[in-house]
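Written below as C-alpha cells is the structure these notes are about.
Please read these numbers as outputs of a predicted model, since none were measured by experiment. To find a chain, count down the sequence lines: A is the first, B the second, and so on, and within it residues start at 1.
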Amino acid sequence: MSKSIYDHAEIEKKWAKKWQDERLYDVDLSASESKYYCLDMFPYPSGTGLHVGHWRGYVLSDFYARYARLHGKNVLHPMGYDSFGLPAERAAIKYKSHPKKFTDEAIENYTRQLKEVAASYDWTKELSTSDPKYYRWTQWLFLQLFKHDLAEKRVSLVNWCPNDQTVLANEQVVNGCCERCGAAVTKKELAQWFLKTTEFSQELLDGLNEVDWPDRVKLLQRDWIGRSEGASVKFTTEKGEVEVFTTRPDTLFGVTALVLSPEHPLVVELTTSDQKAEVEKYVKEVQSKTDIIRQQNWDKEKSAVFTGSYAKHPLTNEDIPVWIADYVLMSYGTGAVMSVPAHDERDYLFAKAYDLPITQVITGSEELPFVDDGKLINSGEYNDLDSKTGAEKITEKLKSIGKGEKKTTFRLRDWLVSRQRYWGAPIPIVYDPDGKPHAVKEEHLPLLLPEDVDFLPGGESPVARSAEYKERAEKLYGKGWYFDTDTLDTFVDSSWYFLRYLSPTDDTQAFNKELVSKWLPVDLYIGGIEHATGHLMYSRFITKFLAKFGYISKDINEPFKQLFNIGAITMHGAKMSKSKGNVVSPDLLIEHYGTDALRGFELFVGPMEVEAEWNNHGMNGIHRFLIKLNNIFLDSIGNYGKDDLGNEFSSYFGKVEEMAKNFRTNTIIAEYMKFLTILEAKKPSQKVLEDFLITLSPVYPFIAEELWEKMGHAESIFKASWPEVKEFKQIPELKVMVDQKFVVFLQTEETDEQKVVEMAKALPEVAKKLENKEIIKSIYRQGQLINFLVKG
RNA sequence: GCCGGGAUGGCGAAAUGGUAGACGCACUGGCUUUAGGAGCCAGCGAGCGAAAGCUCAUGGAGGUUCAAGUCCUCUUCCCGGCACCA
C-alpha cells in the first residue's frame with residue numbers, strides 16, 4: 001500500500017491561491033444563458049467575526065453555487081456587507097472612535113474570514129451599504145418613493161426605545177420590549193417618514209402564491225399582512241359619522257355600544273361637558289401606559305369611559321351609547337368598533353364590566369359569548385338566515401342606504417423608516433424655511449453624513465448637532481433651509497442590494513435595468529428565519545414598487561424565487577453569540593482538520609432547516625472519511641480496475657440528486673461515506689472514480705481538486721460536467737416475509753403472482769419457516785414484497 | 001388565547017405504509033513503540049440466551065390496515081410566531 005498522508009494544510013493553501021490567481025469564480029453577467037443567482041443574506045460585519053454558526057449558511061449556498069456550475073449554469077454568487085447600523089455606533093461611543101473606522105476594520109477582518117470558507121464568491125461584485133457609492137443610490141431609491149407619493153412624513157405615535165433613544169419599527173418590538181436592548185418600549189408622538197407598504201398589501205399577499213418558499217414563512221407573511229373581509233358601517237352622531245369596520249356584519253342587530261379608540265379624532269367633540277374630566281383623565285392614563293402593561297391583563301378586565309354621546313344605529317335607528325376604550329386600536333381599521341357583546345369575547349368582557357345590555361342575535365352554543373355560526377335571531381327581517389347569508393344581505397342593505405359597504409382590511413402597517421441615529425443613510429430631504437419637505441437634488445447625492453458630530457444618544461439624531469450640516473443646506477439651498485437630520489432604517493439599505501450586485505461600481509445608476517431583467521429573480525436565497533417578516537417583506541415591497549413604475553421590468557413580480565431558511569447552530573442550547581460566551585471559532589478546527597472537513601461537518605450536523613447543537617468531536621468522522629478517500633484514490637491512480645460499478649453508482653447518484661433537490665445535505669454526506677465503503681471493496685475504474693469525485697466536489701472542493709489533478713487533469717474540476725447517469729436496470733428484489741417478519745430477499749424478474757409465490761416458498765429459509773404451518777393468506781406487492789400469513 | 005412545527009438509542013440523526021435506528025459521534029475492546037482533540041480493526045437500542053434466536057421498543061391512549069415512526073381520533077410535553085387586529 002502506497003499510503004500517503006492527507007496533508008490538508010498544504011492542499012488547501014495550494015488551491016486557494018490557484019483559484020484566486022485564475023479568478024475561477026468571476027462571472028460574466030452579460031452571458032446570461034441558463035443563469036443561476038445564488039444569494040446569501042449579506043451579513044452585518046460585526047467586530048467579533050465569524051463563528052461556525054455563520055459558516056453553515058455560507059457552506060450550504062456554496063454547495064448549490066458549485067452544484068449549479070457543474071450542471072452547466074452561469075452562476076452569480078456574490079457577497080457583501082450590510083454595514084450601517086447601531087453596533088458600530090455603539091462601539092464608536094465606547095472606544096471614542098468613529099463608526100466608519102470601526103466598520104472598515106470589521107469588513108477587512110470579515111472578508112479574510114469569509115475567504116477561509118472557500119466559498120466560490122465572485123469578489124468583484126462586493127458592496128457595502130455604508131459606502132457613499134452605495135448609499136447614494138439608497139437615497140435615490142427613497143426619492144423615487146417620495147416622487148410617487150409613497151414616502152410621507154406624518155406625526156404619529158411611534159414605538160420609542162428610551163434606552164437607545166430611537167424609534168423602532170413594529171418588527172423591532174418584541175413582547176413590548178426593544179428587540180436590541182430589551183428595554184420596555186414606550187409611545188411617543190413624532191414626525192416621521194413612512195413608506196406606504198400598505199398600498200401593496202394585496203400584491204404582497206398574492207405574490208406569496210408564486211414563490212417556492214417554506215410554508216411557515218409564507219404563513220408568517222400572510223398573518224403579518226392579515227387580510228380580513230367584512231364591512232364598513234356608518235353610525236351617525238351629532239358631530240358627524242363614525243365609521244367602523246367589522247368582520248361580522250351579520251351581528252349588526254346585536255350592537256349595544258360604539259367604542260372608539262382613545263386617540264380617535266372625534267373623541268374630543270363627542271365628549272359631553274359632564275364626562276369631560278373623566279375622559280381626559282382616561283386618555284392621559286392610556287398614553288402613559290407601555291405596551292407591556294396594556295397587553296398583560298387584557299383578558300382580565302376592560303377599562304372604558306362613556307363619552308356622554310349617542311349614535312344612531314343605521315338600521316334600527318336606536319340610540320347607541322358611544323364609549324372610548326384602550327382595547328380599540330387607532331392603528332387598525334377605522335379606530336372604532338361596534339360592540340357586540342353576545343358574539344365577541346372582548347366586547348363581552350367590556351359589557352360585563354360596565355353592565356351594558358347583551359343581545360344575542362345568532363343562535364349558538366350555551367356559553368357567552370357565542371362565536372358559532374348559527375342562524376340570525378332578534379334581527380328583524382333577517383331572522384332565520386344563516387350567518388353567512390345574513391352578513392351578505394345586511395351589507396347589501398347598508399350599501400343601498402349609503403350606510404356602509406363591503407370592505408377588506410389589512411393588518412399590515414406602513415413602514416416607519418426614520419431613525420434618530422448617526423450611522424445610516426441620511427434621509428435626502430431638505431426643508432424650506434416654512435418646513436415644507438423637498439427632495440434633495442440628484443446632483444447633491446450622495447448627501448454625505450456630516451463628520452463633525454459626537455454619537456452620544458440624546459433623543460434626536462446626532463446629525464442634528466452638526467454645524468457643518470446646517471451650513472451645507474443653506475449653502476446649497478438658501479437661507480433658512482435645512483436637511484432632515486434622521487437616517488434611514490437599515491432595512492432600506494438591504495431592501496435592494498440584490499439588484500446592486502449586478503453592477504456594483506456603476507456610478508451612473510442604482511442598477512442596470514437590462515441586467516436586472518436577465519438575472520432576477522434570485523434563484524436561491526439562503527439565510528435565517530429571523531428575517532421572515534422584516535427584510536423579506538421590505539425587499540418584496542421595494543421590488544413591487546420598482547416593477548410597478550417601470551424602474552425594472554414589470555415581469556418581475558417577486559425578488560426571490562426560492563428561499564431556504566438555515567437553522568442556527570447552538571452551543572449549550574443557545575444560539576452562538578459573543579455575549580453568551582458560547583462561540584466556537586473555526587480557526588482551530590481548520591488547523592486540525594482543514595476547511596474541507598469543516599465544510600463537510602457543517603452540512604452533516606443535522607437537517608439544514610433545523611437548529612443543530614455543535615459538537616467538535618463530530619469532525620472526526622468527516623476527517624476519517626477524507627483520509628480514507630485520499631488513500632483509496634492514491635492507491636487506485638495508475639492502477640485502475642475495470643469495475644464501473646454501474647448498478648451501485650446509479651443508485652448512489654439517484655439518491656444524491658434527489659437529496660440535493662430537497663436540501664438534505666446531511667444524508668448526501670452519508671451517501672458519500674456509504675459509496676466510499678463500496679469502492680473500498682472493489683477495483684474501481686477511472687471513470688467511476690472521476691464521477692464520484694465530481695459529485696463530492698461541491699462539499700469538498702480542495703481534496704476533489706487535488707485528486708482530480710493527480711488523476712491527470714490539467715483543468716480545474718469545477719470546469720468539469722456533472723455525470724450523466726442512465727437509470728440502471730436492476731433486477732427487482734422482493735422482500736419475503738412470514739407473519740409480517742422479514743426472512744430473505746428474492747431476486748426475480750417474474751411478476752406473475754402465482755409463480756412468484758411458488759418461488760418464494762421454495763427458498764430454503766422460507767421453507768424452514770413454513771414447516772408444519774398452514775398458509776392462511778399471501779399478500780403480494782409487485783416489485784416489493786410477499787408476505788405469508790400462517791397458522792399453527 | 002389563536003396559528004404553525006415537533007417528540008425515534010448515551011448523542012446528532014435515517015427510514016415512497018413494507019427488515020426501525022442507515023450514516024456519524026461518544027463509548028468499550030484490540031492494533032499501530034502511539035507527542036496528539038491523529039490513525040486502523042471490531043463491538044455497540046433494551047431484555048432473555050453460550051449461540052442460533054426470541055421478545056419488547058419510535059412521548060401516551062385508542063383506531064384503520066395483512067402491515068403504522070409514517071394515516072385517523074384523543075392526549076401530554078417541548079419549540080416557534082402572533083398577541084385586545086374588531
Relative to each other, are the rings of [X] and [Y] parallel, tilted or perpendicular (30° and 60° limits)?
X	Y	answer
Phe692(A)	Tyr672(A)	perpendicular
Tyr538(A)	Trp415(A)	parallel
Phe663(A)	Phe564(A)	parallel
Tyr354(A)	Phe350(A)	tilted

Does [N] have OP1 or OP2 under 4.0 Å away from a side-chain N or O of [X]?
X	N	result
Lys674(A)	rC23(B)	no
Arg624(A)	rG39(B)	yes
Arg781(A)	rG17(B)	no
Arg664(A)	rA13(B)	no
Ser778(A)	rC66(B)	no
Asn666(A)	rA14(B)	yes
Asn620(A)	rA26(B)	yes

Whole-Å distance separating the [atom1] atom of [X] from the [atom2] atom of [N]:
X	N	atom1	atom2	value
Tyr780(A)	rA67(B)	OH	P	21 Å
Asn616(A)	rG37(B)	CG	P	13 Å
Arg216(A)	rC79(B)	CZ	P	16 Å
Glu609(A)	rA13(B)	CD	C1'	12 Å
Glu611(A)	rG80(B)	CD	P	8 Å
Phe601(A)	rG37(B)	CZ	C1'	13 Å
Lys218(A)	rG81(B)	NZ	P	21 Å
Phe410(A)	rA86(B)	CZ	P	12 Å

Look at all strands and tell whether [X] reaches a base, only sugar-phosphate, or nothing, counting heavy atoms closer than 4.0 Å.
X	result
Ser339(A)	nothing
Asn615(A)	sugar-phosphate
Leu588(A)	base
Tyr593(A)	sugar-phosphate
Leu219(A)	sugar-phosphate
Leu785(A)	base

Taking only the [atom1] atom of each, what is the distance from [N] to [M] in whole angstrom?
N	M	atom1	result
rA57(B)	rG39(B)	C1'	36 Å
rA50(B)	rA61(B)	C1'	40 Å
rG43(B)	rC25(B)	C1'	16 Å
rG18(B)	rG69(B)	P	10 Å
rU16(B)	rA51(B)	P	34 Å
rG17(B)	rU32(B)	P	50 Å
rG62(B)	rA68(B)	C1'	14 Å
rG4(B)	rU55(B)	P	42 Å

Nearest-nucleotide comparison on RNA chain B, the residue closer to the 5′ end among Thr334(A) and Thr533(A) = Thr533(A)
Closest-nucleotide ordering on RNA chain B, the 5'-leading residue of His617(A) and Thr246(A) |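 That would be His617(A).
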Where the side chain of [X] is defined as all heavy atoms beyond and including C-beta, which of [options] is the nearest nucleotide?
X	options	value
Arg411(A)	rC66(B), rG39(B), rC82(B)	rC82(B)
Val610(A)	rC84(B), rC23(B), rA13(B)	rA13(B)
Thr247(A)	rC41(B), rA83(B), rA86(B)	rA86(B)
Leu789(A)	rC66(B), rG18(B), rG81(B)	rC66(B)
Phe742(A)	rU19(B), rG37(B), rG18(B)	rU19(B)
Ser228(A)	rA86(B), rG24(B), rG37(B)	rA86(B)

Report yes if a donor N or O on one partner sits less than 3.5 Å from an acceptor N or O on the other, where the partners are the side chain of Gln740(A) and the base of rU65(B); otherwise report no.
->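 Side chain to base: no pair present.
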Confirm from the modelled atom types if Asn787(A) and rC66(B) form a donor-acceptor pair under 3.5 Å, side chain to base only.
->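 Flag set: donor-acceptor pair detected.
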Hey, are the side chains of [X] and [Y] touching, using non-hydrogen atoms and a 4.5 Å cut-off?
X	Y	value
Asn666(A)	Val605(A)	no
Met576(A)	Thr570(A)	no
Val736(A)	Phe745(A)	no

Is a salt bridge present between Glu241(A) and Lys403(A), judged by a nitrogen-to-oxygen distance below 4.0 Å?
-> yes
I'd like a table of atom pairs between the protein and nucleotides 53-57 of chain B - only N or O on both sides, under 3.5 Å - with the distance next to each one.
{"unit_1": "rC54(B)", "atom_1": "OP1", "unit_2": "Lys769(A)", "atom_2": "NZ", "d": "3.2"}

Any cation-pi pair here, Lys735(A) with Phe742(A), using under 6.0 Å and within 45°?
-> no
Answer yes or no on whether Arg599(A) is positioned over the face of Trp55(A), meaning its NZ or CZ is under 6.0 Å from the six-membered ring centre and within 45° of the axis.
->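 Output no; distance or angle outside limits.
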Report the C-alpha separation of Tyr282(A) and Trp323(A) in whole Å, then their side-chain angles, then the decisive distance to 0.1 Å, and conclude whether the ring pair (Phe, Tyr, Trp, His ring centres under 6.0 Å) test is met.
-> CA-CA 12 Å; Tyr282(A) 182 69; Trp323(A) 288 66; 9.9 Å; no
Quick one: stems involving RNA chain B, counted as three or more successive Watson-Crick or G-U pairs, both distances short of 3.5 Å.
-> B:1-7 with B:76-82, B:10-12 with B:23-25, B:27-31 with B:39-43, B:45-48 with B:53-56, B:59-63 with B:71-75
Positive for ring pair (Phe, Tyr, Trp, His ring centres under 6.0 Å) with Tyr700(A), one of Phe633(A), Phe604(A), Phe625(A) | Phe625(A)
Would rG59(B) be called syn or anti, given that syn covers angles within 90° of 0?
-> anti
Please check if the distance between the ring centroids of Phe649(A) and Phe675(A) is under 6.0 Å.
-> yes
